[in-house]
Amino acid sequence: MAEEINRQIREIEDHRDNLELKVQERTRQLQEALESVERLKEQQDADYFLTTFLYKPLCVNQNSSNYIQTEFYVKQKKEFVFRKKVHEIGGDICITANLLFMEDGQVNRYIFATNADAMGKSLQGVGGAIVLGTALNTILASSTAGNRVLETHPRIWLTRIWRELHQIFLSFNGSMMVSAAFALTNEHNGNTYYLNAEHPWSVLYRDKVAEFIEDQLTVRKLGAAMPMPQLPPVQQIQLRPGDALFMGSDGRDDLDLRRVTTGEGERDINEDERLFLQHITKADGDLKQIINHIKETGHITDDLSLLKITVTGYNPEHLQTTASLKISTQLLYEKLRWVREKLRKKDLSSAETELLSLSKFQNVHENENYQYLLGMLKSYQKKYTEALEHLRYAHSLGMENVSLLTNLGNLLSIENKHEEARMYWEKALKLKPQNIYLKKKLGRLDT
């Protein structure tokens with residue numbers, strides 16, 4: 001017994017004498033484990049960032065109509081931090097574009113718009129959005145190339161879009177599906193073709209009253225393994241001046257109605273789909289106010305995207321034939337020179353009117369000077385994303401001068417794409433080595 005007592009005393013003394021070392025060893029092990037987790041988290045966030053880098057160019061508002069206006073809001077639920085900046089990743093996406101259709105001997109301009117929600121969270125969701133955005137933007141690019149006039153009926157074109165996208169998502173065997181709403185609106189009379197693939201019902205806001213434009217499910221999600229109708233039902237809606245059509249993902253309804261300020265109480269998910277109608281009415285159709293009302297009502301628990309189509313009026317001018325859509329090289333040169341002078345004098349209204357009148361001609365969209373001036377106009381109007389698109393296009397068409405390269409760098413810098421901005425500024429400096437402005441820009445990046 002005495003030996004056992006002595007042994008225990010020695011163990012206690014040993015623990016006492018080496019306690020600090022053992023604590024340090026355990027702390028080191030925990031620190032190494034924490035660093036390992038942080039490295040894995042950083043790698044994951046890098047993957048997230050690269051994926052969102054692919055997604056962003058696909059979610060674009062390309063509509064340029066002065067009669068049918070489009071605006072959208074996209075907020076993904078999942079946020080992450082990469083290089084000390086907060087980014088977001090998810091499966092909601094909005095896309096708009098302009099198309100020309102030949103109808104009864106007249107060329108009518110249509111505004112295409114879609115709001116979609118890909119199944120899944122984070123990488124799975126954004127993967128579906130990238131597939132949809134890539135496929136759809138490719139189709140739209142083909143349909144609008146060279147100011148192309150489509151001779152297919154708008155209703156048939158819309159059903160073909162749905163069928164092509166559905167076939168693409170069917171190939172994923174149920175692991176990737178998308179709900180989406182599509183609209184095709186004639187800017188000359190407001191006639192709208194609408195197709196809903198298991199997306200939340202869209203809303204017509206007219207005379208300060210908001211109502212759903214549908215009351216039943218007609219088409220399943222893109223990629224759903226269900227019997228596919230030969231001709232999916234396309235709804236026809238007549239939009240009037242002053243009307244607004246809202247399309248939105250289910251994030252608008254999936255609100256946690258617990259006390260917004262404290263988040264106390266049991267989880268209480270909203271089940272009243274008509275709550276969204278109240279948000280539109282209270283906000284009088286204003287998109288920003290609608291978002292504010294949603295946030296004030298409850299916690300948003302899912303990705304949220306809204307797309308608003310507003311009819312400000314009808315375009316009285318129709319393009320008669322494709323032959324009338326051309327302009328001589330000399331006349332185009334003179335008009336663009338006139339626009340350049342107006343931009344130099346900051347007469348943006350006159351420049352915009354002239355560029356809009358030129359947009360109906362087939363051969364101007366592939367003209368690098370037209371794209372450059374359009375980009376500069378958008379830049380002066382502080383529509384930086386649109387400006388960047390036009391200047392990039394001008395560069396892809398062969399333009400490479402100091403002004404273009406400098407402004408490309410400036411716009412990229414505004415969007416915090418500093419490395420790409422550096423590339424264009426360095427190219428511009430090679431063309432004009434003594435340019436002090438460019439040297440200062442590059443110097444600020446280095447510091």
Side-chain angles (χ1 to χ4, degrees), residues 54-65 68 70 72 93-103 106-116 118 128-172 176 178 180-187 192-195 197 222-223 228 231-232 234 307 319 321-326 358-368 370-371 374-375 385-386 388-398:
L54 296 174
Y55 161 86
K56 285 181 180 179
L58 304 173
C59 185
V60 288
N61 188 357
Q62 300 181 85
N63 170 37
S64 59
S65 172
I68 311 295
T70 53
F72 49 73
I93 187 170
C94 296
I95 299 172
T96 64
N98 298 123
L99 298 162
L100 298 177
F101 287 88
M102 177 67 74
E103 296 179 284
Q106 292 181 325
V107 178
N108 290 331
R109 194 184 195 200
Y110 277 79
I111 290 78
F112 171 80
T114 185
N115 171 236
I130 289 173
V131 171
L132 176 76
T134 302
L136 192 50
N137 278 292
T138 300
I139 294 171
L140 291 171
S142 174
S143 299
T144 58
N147 219 14
R148 177 183 175 187
V149 178
L150 302 169
E151 297 186 1
T152 306
H153 191 278
R155 181 191 294 271
I156 296 174
W157 184 87
L158 193 59
T159 59
R160 287 179 179 173
I161 289 292
W162 168 82
R163 189 177 297 276
E164 288 185 36
L165 294 174
H166 185 57
Q167 291 292 348
I168 290 172
F169 283 96
L170 275 177
S171 65
F172 292 98
M176 188 177 287
V178 177
F182 305 92
L184 201 54
T185 304
N186 189 326
E187 76 168 15
T192 299
Y193 297 98
Y194 172 82
L195 194 156
L222 299 171
M228 187 170 62
L231 193 63
V234 174
L307 191 153
L319 305 176
T321 64
T322 55
S324 67
L325 298 177
K326 293 186 179 296
L358 289 172
S359 66
K360 63 185 178 182
F361 297 108
Q362 281 186 354
N363 52 332
V364 302
H365 296 276
E366 301 302 314
N367 184 287
E368 64 270 22
Y370 171 80
Q371 292 293 342
L374 195 54
T385 301
E386 295 179 44
L388 186 57
E389 291 174 2
H390 289 294
L391 293 187
R392 280 187 188 277
Y393 194 32
H395 187 248
S396 71
L397 291 172

Taking the side chain as every heavy atom from C-beta outward, state whether [X] and [Y] have any atom pair closer than 4.5 Å.
X    : Y    : value
L150 : R148 : yes
I161 : I139 : yes
V131 : F169 : yes
V60  : E389 : yes
W157 : F112 : yes
L132 : L165 : yes
F182 : L158 : yes
L184 : F101 : yes

Smallest separation among heavy atoms of [X] and [Y], with atom names:
X    : Y    : answer
N115 : C94  : ND2-SG, 3.3 Å
S65  : E187 : OG-OE1, 2.6 Å
L222 : A180 : CD1-CB, 4.4 Å
A113 : L307 : CB-CD2, 3.9 Å

If you apply the rule side chain to side chain contact (heavy atoms under 4.5 Å, CB included), what do you find for L397 with Q371, and how did you get there? CA-CA 9 Å; L397 291 172; Q371 292 293 342; 4.1 Å; yes
Quick one: pull up [atom1] in [X] and [atom2] in [Y] and give me the separation to the nearest 0.5 Å.
X    : Y    : atom1 : atom2 : value
I95  : F72  : CD1   : CZ    : 8.5 Å
H395 : L388 : NE2   : CG    : 12.0 Å
Y370 : L358 : OH    : CG    : 6.5 Å
I130 : L54  : CD1   : CG    : 5.0 Å
N108 : L100 : CG    : CG    : 9.0 Å

Hey, does the side chain of [X] reach the backbone of [Y] with a donor-acceptor pair shorter than 3.5 angstrom?
X    : Y    : result
N186 : T192 : no
N61  : T70  : yes
R155 : Y193 : no
S143 : L140 : no
S142 : T138 : no

Those residues at least two apart in sequence (or on a different chain) that pass side-chain hydrogen bond (donor to acceptor under 3.5 Å, both in side chains) with R109 are S64, N98
Let me see the working for L58 and I93 under side chain to side chain contact (heavy atoms under 4.5 Å, CB included), right down to the final yes or no. CA-CA 8 Å; L58 304 173; I93 187 170; 4.3 Å; yes
Please tell me whether T96 and Q62 have a donor and an acceptor in their side chains that are separated by less than 3.5 angstrom.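 No pair is found: no donor N or O on one side chain lies under 3.5 Å from an acceptor on the other.
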Given the rule in the side chain to side chain contact (heavy atoms under 4.5 Å, CB included) test, do R160 and I156 qualify, once you have shown the distances and angles that lead to the verdict? CA-CA 6 Å; R160 287 179 179 173; I156 296 174; 3.7 Å; yes
Using 30° and 60° as the class boundaries, would you call the ring planes of W162 and H166 parallel, tilted or perpendicular?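 Correct class here is parallel.
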